[in-house]
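Let me begin by presenting the structure, written as structure tokens, before commenting on it.
Predicted model only: the values in this text are computed from it and were never measured.
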Amino acid sequence: VQLQASGGGLVQAGGSLRLSCTASGLTFSRYAMAWFRQAPGKEREFVSGVSWSGDSTIYADSVKGRFTISRDNAKKTVYLQMNSLKVEDTAVYYCARRMMVVTSSEGDYDYWGQGTLVTVSS
């Protein structure tokens, strides 16, 4: 099983980035997927999640209205469109999977990708 996150980079505040997480070695459509992030010196936190079908999405309050999660089961990929980026969005972003319903709890996810770094400059 592999979850390969990509799309991170350096962007100015107010800008946009789209993260991708491509899965291999698993039946992708069976899993809810989520994005978490960890800023320097801070705990990892939930960002957004999407159900296996894509019909249900959840967001952390800090990103609601700015970030959009989506998935393409045919491509085995989950996306995170990040708009109106803020300096405080700077973090390593991780994708993760879990069977059954999407949740915001880190402990519910059993497999994690390696992370992609997003840096937002002022």
Side-chain angles (χ1 to χ4, degrees):
V1 176
Q2 187 173 18
L3 298 176
Q4 183 71 45
S6 61
L10 175 63
V11 63
Q12 285 193 323
S16 298
L17 280 176
R18 188 175 82 154
L19 305 184
S20 300
C21 174
T22 300
S24 59
L26 74 159
T27 305
F28 183 72
S29 59
R30 290 183 178 176
Y31 293 89
M33 298 295 296
W35 290 95
F36 291 77
R37 67 186 181 187
Q38 187 167 22
K42 294 189 176 181
E43 301 273 320
R44 189 156 57 185
E45 64 176 2
F46 171 78
V47 176
S48 182
V50 60
S51 63
W52 65 270
S53 65
D55 290 344
S56 178
T57 58
I58 53 175
Y59 296 92
D61 288 343
S62 59
V63 306
K64 274 181 186 174
R66 300 188 298 121
F67 291 9
T68 302
I69 192 170
S70 61
R71 67 188 294 159
D72 184 333
N73 284 344
K75 294 183 178 180
K76 295 187 176 182
T77 299
V78 59
Y79 304 98
L80 186 68
Q81 178 66 45
M82 306 186 295
N83 299 329
S84 302
L85 282 161
K86 303 176 180 180
V87 172
E88 52 263 43
D89 294 320
T90 295
V92 177
Y93 284 71
Y94 300 89
C95 57
R97 71 152 202 206
R98 79 178 299 256
M99 195 73 81
M100 300 176 68
V101 299
V102 60
T103 72
S104 61
S105 176
E106 181 178 346
D108 289 342
Y109 291 82
D110 66 349
Y111 202 86
W112 296 75
Q114 88 290 357
T116 186
L117 176 62
V118 173
T119 303
V120 184
S121 63
S122 58

- Task: Check the pair Ser70, Gln81 against side-chain contact (heavy atoms from CB on, under 4.5 Å), reporting the backbone distance first and the verdict last.
- Result: CA-CA 8 Å; Ser70 61; Gln81 178 66 45; over 6 Å; no
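- In plain terms, the two heavy atoms of Val92 and Gly115 that are nearest each other are CG1-CA, 3.8 Å.
- For the pair Arg37 and Tyr93, the tightest heavy-atom approach, listed with the atom from each and the gap, is NH1-OH, 2.9 Å.
- At a threshold of 4.5 Å between side-chain heavy atoms, the hydrophobic network of Ile, Leu, Val, Met, Phe, Trp and Tyr places Val1 and Met99 in one connected group.
- The two residues Leu3 and Ala23 come nearest to each other via the heavy atoms CD2-CB, 3.6 Å.
- A cation-pi arrangement is found for Arg44 relative to Trp112, the charged atom lying closer than 6.0 Å to the ring centre and inside a 45° cone about the ring normal.
- Checked by atom type and distance alone, the side chain of Asn73 pairs as donor or acceptor with a backbone atom of Trp52 at under 3.5 Å.
- The distance from the CD atom of Gln4 to the OG atom of Ser24 is 8.5 Å, given to the nearest 0.5 Å.
- One distance of note links CG of Asn83 with CZ of Phe67; it measures 8.5 Å at 0.5 Å rounding.
- Put simply, CE on Met33 and SG on Cys21 are 4.5 Å apart, with the number rounded to the nearest 0.5 Å.
- Side-chain N or O atoms of Ser51 include one that pairs as donor or acceptor with a backbone N or O of Ser56 at under 3.5 Å.
- At least one donor-acceptor pair under 3.5 Å links the side chain of Tyr109 to the backbone N or O of Thr103.
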- Start with the C-alpha distance between Leu19 and Trp35, add both sets of side-chain angles, then the distance that settles side-chain contact (heavy atoms from CB on, under 4.5 Å), and finish with yes or no. CA-CA 10 Å; Leu19 305 184; Trp35 290 95; 3.7 Å; yes
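- Summarising the geometry, atom OG1 belonging to Thr27 is positioned 6.5 Å from atom NZ belonging to Lys76; distances are rounded to the nearest 0.5 Å.
- Tyr59 and Tyr79 are members of different hydrophobic clusters when ILVMFWY side chains are connected at heavy-atom separations under 4.5 Å.
- In plain terms, the two heavy atoms of Ala32 and Val101 that are nearest each other are CB-C, 4.1 Å.
- Contact detail for Leu17 and Val11: the closest heavy-atom pair is CD1-CG1, 4.0 Å.
- In this structure, CG in Leu117 is found 9.0 Å from CG in Leu10, a value given to the nearest 0.5 Å.
- Taking the six-membered ring for Trp and the full ring otherwise, Phe36 and Phe46 have centroids separated by under 6.0 Å.
- In this structure, the side chain of Ser62 does not engage the main chain of Ala60 through any donor-acceptor pair within 3.5 Å.
- Here the side chain of Glu45 pairs no donor or acceptor atom with the backbone of Gln38 at under 3.5 angstrom.
- A donor-acceptor contact shorter than 3.5 Å is absent between the side chain of Arg71 and the backbone of Gly54.
- Side-chain N/O atoms of Tyr111 and Arg97 include no donor and acceptor closer than 3.5 Å.
- Minimum interatomic distance between Ala13 and Ser122 (heavy atoms only, all atoms of both residues): CB-CA, 4.4 Å.
- Here the CG-CZ distance, from Asp89 to Arg66, works out to 4.0 Å after rounding to the nearest 0.5 Å.
- A side-chain donor-acceptor contact under 3.5 Å links Thr116 to the backbone of Gly8.
- Crowding of Gln12 atom CD: a count of heavy atoms from other residues, nucleotides or ligands under 6.0 Å not exceeding 12.
- Here the side chains of Val47 and Leu80 are in contact, with some heavy-atom distance below 4.5 Å.
- Judged by distance alone, the side chain of Ser53 and the main-chain N or O of Asp55 form a donor-acceptor pair under 3.5 Å.
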- Could you go through the side-chain hydrogen bond (donor to acceptor under 3.5 Å, both in side chains) check for Thr22 and Thr77 one step at a time? CA-CA 4 Å; Thr22 300; Thr77 299; 3.1 Å; yes
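- Counting heavy atoms from C-beta on, the side chains of Val118 and Met82 come closer than 4.5 Å.
- Stacking of Arg98 on the aromatic ring of Tyr31 is not recorded, the 6.0 Å distance cut-off and the 45° axial limit not both being met.
- A salt bridge links Lys64 with Asp61: the closest approach of a Lys/Arg side-chain nitrogen to an acidic carboxylate oxygen falls below 4.0 angstrom.
- A 4.5 Å side-chain heavy-atom check between Val50 and Val102 finds every atom pair outside the cut-off.
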